[in-house]
Amino acid sequence: MSILPKSFYTRSDVVQVSKELLGKLLVSRINGVLTAGTIVETEAYRAPDDKACHAYQNKRTSRTEVMFHEGGCAYVYICYGIHHLFNVVSGEKDMAHVILIRGIEPIKGVEHMMERRGLNQLKPALTAGPGSLSKALGIKKELSGVSLLDKKSKIWIEDQGLNIDKNEIVAGPRVGMSTAEECSHWPWRFRIKGNKWSSKPNTVKYDF
DNA sequence: CACGGGATCGTCT
DNA sequence: GACGATCCCGTGT
């Protein structure tokens, strides 16, 4: 169990980093409570050319500034006023490349996750979807910008020696793109094939 | 199973 | 002042 080094994150190809995050262990220690899960679904976002990225055209605001940090920290923002969505910042400084974590397979502290989610039964809904898994791990917007490179941090990612083969990865279009632009069809959503903790593939929608 | 609406608020115009 | 990288629950089939 070794923590992922900065060099894992600072590579220029965010799509490649997204694929390699599959099978890694996402760990949180919030107020002494340790919870962790294997990453089974990711989505890449890449400024400046990706219209779906908050930092499209390298737009810097107080919210997006974290995305321009050097790879290896968290980007957390609130969606629909309720959900805290956890992203991994990648790329060199000033490259706004991020990876949204969309699904994990619960590994440690399952009881704590269930309590945070208000579930009394273990089921895929516990950690399926970016809002749900963030809640299960206790990740909130206040953690935006924190380092992932140190186990003294509240969040980090470990290599657990699990190698996901290329043909075990399913690529598809990203979700939630309301504006039907070309980039909404970029196959930048990655899942581990057949993993029950990963959501179902979404249908490609064409805008005619 | 598919669809639809409500919750709820930070962020940007 | 509008809206969103979501989720949950209700309704209908």
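Only heavy atoms go into these numbers, but all of them, side chains included; no hydrogens, no water, no symmetry mates.
- Using modelled atom types, no side-chain atom of A/H97 and backbone atom of A/S90 make a donor-acceptor pair closer than 3.5 Å.
- Close to C/dA5, at under 4.0 Å from its OP1 or OP2, lies no side-chain N or O of A/R189.
- Considering only side-chain N and O atoms, A/S132 lies under 4.0 angstrom from the phosphate OP1 or OP2 of C/dC7.
- Taking only side-chain atoms of A/S62, from C-beta outward, the nucleotide of B/dC12, C/dA5, B/dG10 with the closest atom is B/dC12.
- Along DNA chain B, the nucleotide nearest to A/K141 and the one nearest to A/I82 differ in position, and the one closer to the 5' end is contacted by A/I82.
- If you run side-chain contact (heavy atoms from CB on, under 4.5 Å) between A/F190 and each of A/I164, A/V15, A/L21, A/I39, only A/V15 comes through.
- Stem analysis of DNA chain B (Watson-Crick or G-U pairs, both distances under 3.5 Å, runs of at least three) returns B:1-7 with C:6-12, B:9-12 with C:1-4.
- A distance below 6.0 Å separates the ring centres of A/Y77 and A/H54.
- In this structure, the CD1 atom of A/I78 is 9 Å from the P atom of B/dC9, given to the nearest Å.
- Between the C1' atom of B/dG6 and the NE2 atom of A/H83 lies a distance of 11 Å, rounded to the nearest Å.
- Looking at A/R60 and A/E65, a side-chain N of the basic residue comes within less than 4.0 Å of a carboxylate O on the acidic one, giving a salt bridge.
- Note that A/R11 lies in the cation-pi zone of A/F8, set by a 6.0 Å cut-off to the ring centre and a 45° limit from the axis.
- Cation-pi geometry between A/R174 and A/Y45 is met: under 6.0 angstrom from the ring centre, within 45 degrees of the axis.
- For the pair A/L133 CG and C/dC8 P, the interatomic distance rounds to 12 Å; values are reported in whole Å.
- Between A/Y77 atom OH and B/dT11 atom P the separation is 12 Å, expressed in whole Å.
- Side-chain contact annotation: A/S28 with A/T35, donor-acceptor N/O pair under 3.5 Å present.
- The separation between A/K51 atom NZ and C/dA5 atom C1' is 17 Å, rounded to whole Å.
- The nucleotide whose nearest atom lies closest to any side-chain atom of A/Y80 is, among B/dA7, C/dT6, C/dA5, C/dT6.
- Here C/dT6 presents its C1' atom at 9 Å from CZ of A/R102, a figure rounded to the nearest Å.
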> What's the verdict on salt bridge (Lys or Arg N to Asp or Glu O under 4.0 Å) for A/E105 and A/K196, showing C-alpha distance, side-chain angles and the deciding distance?
Replying inline: CA-CA 8 Å; A/E105 173 174 345; A/K196 72 169 181 177; over 6 Å; no
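- Contact annotation for A/G81: base contact, defined as any heavy-atom pair under 4.0 Å involving a base atom.
- As a whole-Å value, the separation of A/L119 CG from C/dC9 P is 9 Å.
- The phosphate of C/dG4 has neither OP1 nor OP2 within less than 4.0 Å of any side-chain N or O from A/R63.
- One interatomic measurement links the two molecules: OH of A/Y75 to P of B/dG10, which rounds to 14 Å at whole-angstrom precision.
- For C/dA5, the base is stacked against the aromatic ring of A/Y45, per a cut-off of 5.5 Å between centres and 30° between planes.
- Regarding contacts with the backbone of B/dT11, every side-chain N or O of A/K59 stays at 4.0 angstrom or more from both OP1 and OP2.
- In this structure, of C/dA5, B/dG10, B/dC12, it is B/dC12 that holds the atom nearest to the side chain of A/T61.
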